[in-house]
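The next block holds one structure in the form of structure tokens; read it before the comments.
Predicted model, so just to flag it, every value in this text is computed and none were measured. Here is the naming used below: chain letters follow the sequence lines, and residue numbers restart at 1 for every chain.
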There are 2 protein chains.
Amino acid sequence: MAGWVDTREPVLASVIALARELADPVRLTALQLLSAEGPHTLSQLSDVLGVSAPRMGNHLARLRAAGLVTVQRTGRHAVYRAASADIGDVLAALARYAHADLRIRPRRPAAPGDVAHTCYDHAAGLLGVTIFSTLVARGALRPLDDGELALGADTSALAELGVDPATLDARRRKLATACLDRVHRLPHLGGVLGAEVLGALLAGGLVEGQEGGRGLTVTARGVARLPALLPGLTLPPGSTG
Amino acid sequence: MAGWVDTREPVLASVIALARELADPVRLTALQLLSAEGPHTLSQLSDVLGVSAPRMGNHLARLRAAGLVTVQRTGRHAVYRAASADIGDVLAALARYAHADLRIRPRRPAAPGDVAHTCYDHAAGLLGVTIFSTLVARGALRPLDDGELALGADTSALAELGVDPATLDARRRKLATACLDRVHRLPHLGGVLGAEVLGALLAGGLVEGQEGGRGLTVTARGVARLPALLPGLTLPPGSTG
DNA sequence: GTCATCATTCACGCTTCACTGAAGGGTGGT
DNA sequence: ACCACCCTTCAGTGAAGCGTGAATGATGAC
């Protein structure tokens, strides 16, 4: 019988093609952005990523040929978006593995800001990323196909964090946004809900802000309680300041 | 501020390196085999995959440098194994995405055997793959680090399929094995448990064997009941023969 | 109509990577 | 001691991928 390595096998060929698309920093980051934060134009992407327009365009053309992104022309703008919300799962699996891998053999000491810091008025860093993934995993938050987020059916995870969904006011500002964390390459929670969650953690004395900066410190109380509220959150030693 | 694409960022660099390792048919298949079926020697791998020994060795050296596999020399054999069981999650996420992608735009018509066929005395194909992932997801089956499988705490999923865990006799043969499906690139269930599950499905009239072959046909009864037992199982039209 | 902006395409040079075939160490069997 | 086997390493060749810079199309503002 023929060997296992037969690139004519549709599934194998498809997996390889997918991995090849992800094996470039520009394409990977663009996909992460499109998946976590919704549609962007080419110029937005090339501006945010800091690469030239032709370079960005070439990579987007590849992604489009691979069926990972779609493009819609409106006037002289080309709006790109992730073709399927499922790609977020793949990206998250990769980022989580890489993250765990780094924890095993860290290449640089973990900075306090890696654990938690504020992004405007919500929590970012490892804390913010874990809040996001926990809320999504427990069904309290539901990512929509266009990058937006809506409340899910079971909001018990929110209640445990000390937030009452009924009090949220999304009239003047988006309820929740997926803000891609630049360090961890995973989305963290922004918007009204992000601010409320951080407020509840501060009020509960689980974390406290550092004076005159964006740093967040996990208190002893937080070290004791957060792992139960946020499964998967592993606090490096010394993170309580 | 610097752009998002900075390969000095440890997480980004790690994700890219990981994707690059997976972007080759030999490396990907080797990882799938090591992850699903446990340790293999170099010659076993090069024999099964059908590639030359130097080629296989070079790819394994790369995987070792990337920290994805470990090697242990015993005599003149080099036994390779997956460095972490977590890599299975990444591979499964990739294969699942590719699989869904192919369902959207199939490159060849689905053959009946793609849905279900026997592998010795257990179910393979899409049916077998779905059985495996369902049992693992529901905690009835627990993959161990070395590729072996053990019963989990909650075996209700097995009971629903018509198998009583107390009747399983694992003295003469392994209880359960993860047998990598060559078509779907995901593990399916083998061993005593695999045989029992297939027996229960046949006894319940959900599937029936085709005369004189390894094909399995999903009956009308199966079409009605299997999707509830195995979430995520999508039967292509015409699969009931 | 003219200009500015945005997106895409082309040609070119550069780098990186993977495969082959042969040779080199090590180990176990006889 | 010899041979058979397994694994690894080496040099050489060929192909593929990537980035730059300039040119081309298309659209909207004035």
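Along DNA chain C, the stretch of nucleotides lying under 4.0 Å from any heavy atom of chain A spans, 5' to 3', C/dA4 to C/dT9.
Across all strands shown, A/R27 has heavy atoms under 4.0 Å from sugar-phosphate atoms exclusively, and none from any base. The residue A/R64 sits apart from the nucleic acid: no heavy atom pair falls under 4.0 Å.
Between B/R73 and D/dC6 there is no side-chain N or O to OP1 or OP2 distance below 4.0 Å. Put simply, A/S52 has no side-chain N or O that comes within less than 4.0 Å of OP1 or OP2 on D/dG19.
When side chains are defined from C-beta on, A/Y97 does not count as touching B/D89, because their heavy atoms never get closer than 4.5 Å. By the 4.5 Å heavy-atom criterion applied to side chains, A/L31 and A/L63 are counted as neighbours.
Every residue was checked against the salt bridge (Lys or Arg N to Asp or Glu O under 4.0 Å) condition with B/R73, not counting sequence neighbours, and none meets it. Legend: residues meeting salt bridge (Lys or Arg N to Asp or Glu O under 4.0 Å) with B/R171, ordered by chain and number and at least two apart, are B/D169. With sequence neighbours excluded, no residue forms a salt bridge (Lys or Arg N to Asp or Glu O under 4.0 Å) with A/R214. Not counting sequence neighbours, B/R142 has no partner by the salt bridge (Lys or Arg N to Asp or Glu O under 4.0 Å) test. Shown here are the side chain to side chain contact (heavy atoms under 4.5 Å, CB included) partners of B/V192, two or more places apart in sequence or in another chain: B/L168, B/R173, B/E196.
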Contact pattern, 5' to 3', of nucleotides 22-30 of chain D - B, S or - by protein heavy atom under 4.0 Å: B----BS--

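Between A/M56 atom CE and D/dC18 atom P the separation is 12 Å, expressed in whole Å. If you measure from atom CZ of B/R55 to atom P of D/dT8, you get 17 Å, rounded to the nearest angstrom. Residue A/E21 contributes atom CD, which lies 13 Å from atom C1' of D/dC18 at whole-angstrom precision. When rounded to the nearest whole Å, the span between CG of A/L22 and P of D/dG17 equals 15 Å. One interatomic measurement links the two molecules: OH of B/Y80 to C1' of D/dC6, which rounds to 11 Å at whole-angstrom precision. Here D/dC10 presents its P atom at 11 Å from CG of B/N58, a figure rounded to the nearest Å.
Under the 3.5 Å distance criterion, the side-chain polar atoms of A/T29 are left unmatched by any main-chain donor or acceptor of A/V26. Side-chain N or O atoms of B/S84 include one that pairs as donor or acceptor with a backbone N or O of B/D86 at under 3.5 Å.
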Output a table of nitrogen or oxygen pairs between the protein and nucleotides 12-15 of chain D separated by less than 3.5 Å.
none

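Listed by first then second residue, pairs satisfying salt bridge (Lys or Arg N to Asp or Glu O under 4.0 Å) with a partner in residues 11-32 of chain A read A/E21-A/R27, A/E21-A/R62, not counting sequence neighbours. Applying the ring pair (Phe, Tyr, Trp, His ring centres under 6.0 Å) test to residues at least two apart or on different chains, the pairs with a partner in residues 120-143 of chain A are A/H122-A/H188.
Rounded to 10 degrees, the angle separating the terminal axes of the helix from C/dG1-D/dC30 to C/dG24-D/dC7 is 30°, with each axis obtained from five end pairs.
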Verdict with reasoning, A/Q72 to A/R81, per side chain to side chain contact (heavy atoms under 4.5 Å, CB included): CA-CA 8 Å; A/Q72 186 181 8; A/R81 58 192 79 214; 3.5 Å; yes

Please tabulate, for side-chain N and O atoms in residues 44-52 of chain A, each donor-acceptor pair with protein atoms closer than 3.5 Å (sequence neighbours left out).
from: A/Q44; atom 1: OE1; to: A/T41; atom 2: N; distance (Å): 2.8
from: A/S46; atom 1: OG; to: A/S43; atom 2: O; distance (Å): 3.3
from: A/S52; atom 1: OG; to: A/R55; atom 2: N; distance (Å): 3.4

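The heavy-atom pair separating B/L141 from B/A176 by the smallest distance is CD1-CB, 4.3 Å.
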